[in-house]
Amino acid sequence: MGQAICVRQRAESLATELYARRLQSFLKARREHLNLRQVQVAERLDISERAYGNWERGQVREWTDEKLYCLSEALEMSEYQTTCLFLHAVGRTPQPDLHATFRRSEPRDTEMAAFLGDYTVMMDALSLPTFVIDRRWDVVMANGAFRALFRHVRGHPTAMPSSNFLRFGLFHPDAPSILVDHLRWQLAMLAQLSSSIERHSDEDGLLAIRREVYLHPSLRDAYLTDMPKWVMGSGADLMHHESALRELHHPDPHIGLQRCRLVEETPRSLQRLGLTRLTLVLVDLDERLTPARCDSHHAA
């Protein structure tokens, strides 16, 4: 009996050591990607350099959600990277923040309502199409450039781009006229649907989209067969595949065919409401994407 206990304890010790090494490698790689030293990350966390060194080595008495979210912000992690952080540190995905549920008609308070109003004004001043979504991919806010991009889209009961961006790309018959090489867009959107359901498995809006996908034979086959293969190659869903350049056709003849990069740029105030801001960075086919073409990236 005693020998069995020792073996089990040894196995648990080895597993803990393995998790710590994976976490250390993950955090170090992310920090070095940002060209940050440990002391700089420590300053962002408002802790000592020695304390952060222990964090990076996995020498933490208890990983709380608060610590992990603070670490995620300090290392400027995307939602996908934050999920990886939680898996490495505590062996589970982040828990949904029940206080971050957003209701369009019920702002949390007058101060937040004023912020959302000002944020809408700021978005309308941008020349690139940008929009804000909730966890269901329902469009909560969109600027004039976004509305102009889809102004000729015919009416649809459930798949208007101003209502739900995933539904538009998957189900609207006009989507191929704007989203060039529509199948590539659809595969990325199906990957996004899958990853969103993994993170928010109780979100009825996402589950309804998946049920509708299953009703379309071609989409069902793509979701069950083609999309998993695509993910193995690209390694990311629609939101976290910022390296991908797709194409879209703008209805304005002076703009026409454009390369498009989908960029996630969400300020903390929107994150606390469970919202995400996405921008369609449009680039002429004969031009390279430069920072000058991006409007107010990471606006507060």
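Crowding of Arg147 atom CZ: a count of heavy atoms from other residues, nucleotides or ligands under 6.0 Å exceeding 12.
Checked for salt-bridge contact, Glu203 and Arg136 meet the test: a charged N lies under 4.0 Å from a carboxylate O. Using a 4.0 Å cut-off between charged nitrogen and carboxylate oxygen, Arg277 and Glu264 do not count as a salt-bridge pair.
Looking only at side-chain heavy atoms (C-beta outward), Val140 and Ile133 stay at 4.5 Å or farther from each other. The side-chain heavy atoms of Pro129 and Leu282, taken from C-beta on, include a pair separated by under 4.5 Å. Counting heavy atoms from C-beta outward, Leu170 and Phe168 have side chains that stay 4.5 Å or more apart. Side-chain contact check for Leu27 versus Leu71: some heavy-atom pair is nearer than 4.5 Å. The closest side-chain heavy-atom distance from Leu270 to Tyr119 is below 4.5 Å.
Here the shortest heavy-atom pairing between Asn143 and Leu128 reads ND2-O, 2.9 Å. Residue Met227 comes nearest to Ala191 through the heavy atom pair CG-N, 3.5 Å, listed as atom of the first residue, atom of the second, then distance. Residue Asp124 comes nearest to Ala142 through the heavy atom pair OD1-O, 4.4 Å, listed as atom of the first residue, atom of the second, then distance. Counting all heavy atoms, side chain and backbone alike, His152 lies closest to Pro251 at CD2-CB, 3.4 Å. What you find for Pro161 and Val139 is that their closest heavy atoms are O-CG2, 3.3 Å. Contact detail for Ala89 and Leu68: the closest heavy-atom pair is CB-CD2, 3.7 Å.
The closest donor-acceptor contact from the side chain of Arg220 to the backbone of Tyr214 lies under 3.5 Å. Judged by distance alone, the side chain of Trp185 and the main-chain N or O of Glu247 form a donor-acceptor pair under 3.5 Å. At least one donor-acceptor pair closer than 3.5 Å links the side chain of Thr120 to the backbone N or O of Leu116. A distance-only check finds no donor-acceptor pair linking the side chain of Arg210 to the backbone of Leu207 [under 3.5 Å]. Between the side chain of Asp174 and the main chain of Arg154, a donor-acceptor pair closer than 3.5 Å is present. At least one donor-acceptor pair closer than 3.5 Å links the side chain of Ser195 to the backbone N or O of Gln192. Counting only distance, with no hydrogens or angles, the side chain of Thr130 and the backbone of Met123 share no donor-acceptor pair below 3.5 Å.
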Kindly indicate, with the supporting measurements, whether the criterion side-chain contact (heavy atoms from CB on, under 4.5 Å) is fulfilled by Met77 and Arg30. CA-CA 8 Å; Met77 293 185 184; Arg30 181 60 186 168; 4.3 Å; yes
Working for side-chain contact (heavy atoms from CB on, under 4.5 Å), residues Leu85 and Leu23: CA-CA 7 Å; Leu85 171 63; Leu23 179 62; 3.8 Å; yes
For Phe171 and His216: C-alpha separation, side-chain torsions, deciding distance, then whether ring-ring contact (aromatic ring centres under 6.0 Å, His included) applies. CA-CA 9 Å; Phe171 305 129; His216 293 72; 5.4 Å; yes
With side-chain contact (heavy atoms from CB on, under 4.5 Å) as the test, would you mind laying out the steps for Ile209 and Trp137 before giving the verdict? CA-CA 10 Å; Ile209 295 175; Trp137 278 72; 5.6 Å; no
Taking it one step at a time, do Glu212 and Arg167 satisfy side-chain contact (heavy atoms from CB on, under 4.5 Å)? CA-CA 10 Å; Glu212 194 166 342; Arg167 283 187 170 277; 2.6 Å; yes
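Screening Trp63, Tyr69, Phe26 against Phe86 for a ring pair (Phe, Tyr, Trp, His ring centres under 6.0 Å) leaves a single residue, Tyr69.
Expressed to the nearest 0.5 Å, how far CE of Met189 lies from CG of Leu193 amounts to 11.0 Å. Distance check: Ile197 CD1 to Asp202 CG gives 11.0 Å after rounding to the nearest 0.5 Å. In this structure, NE2 in His182 is found 12.0 Å from CG in Leu248, a value given to the nearest 0.5 Å. With rounding to the nearest 0.5 Å, the separation of CD in Gln258 from CG in Leu149 is 10.0 Å. In this structure, Ile178 CD1 and His172 NE2 are separated by 8.5 Å, a value rounded to the nearest 0.5 Å. Distance CG/Leu278 to OG1/Thr266: 6.5 Å, rounded to 0.5 Å.
Grouping the Ile, Leu, Val, Met, Phe, Trp and Tyr side chains by contacts below 4.5 angstrom, directly or via other members, places Leu183 with Leu166. Residue Val39 is not grouped with residue Val41 when hydrophobic side chains (ILVMFWY) are merged at heavy-atom distances under 4.5 angstrom, including chains of intermediate members.
A donor atom on one side chain and an acceptor atom on the other are not found under 3.5 Å apart for Asp252 and His250.
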Compile the donor-acceptor pairs under 3.5 Å between side chains in residues 43-60 and protein atoms, sequence neighbours left out, one pair per line.
residue: Arg44; atom: NH1; partner: Ala74; partner atom: O; Å: 2.7
residue: Arg44; atom: NH1; partner: Glu76; partner atom: OE2; Å: 2.9
residue: Arg44; atom: NH2; partner: Glu76; partner atom: OE2; Å: 3.4
residue: Ser48; atom: OG; partner: Ala51; partner atom: N; Å: 3.0
residue: Tyr52; atom: OH; partner: Glu56; partner atom: OE1; Å: 2.7
residue: Asn54; atom: OD1; partner: Arg57; partner atom: NH2; Å: 2.8
residue: Glu56; atom: OE1; partner: Arg31; partner atom: NE; Å: 2.8
residue: Glu56; atom: OE2; partner: Arg31; partner atom: NH2; Å: 3.0
residue: Glu56; atom: OE2; partner: Gln38; partner atom: NE2; Å: 3.3
residue: Arg57; atom: NH1; partner: Gly53; partner atom: O; Å: 3.4

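With sequence neighbours left out, the side-chain contact (heavy atoms from CB on, under 4.5 Å) criterion links Glu32 to Lys28.
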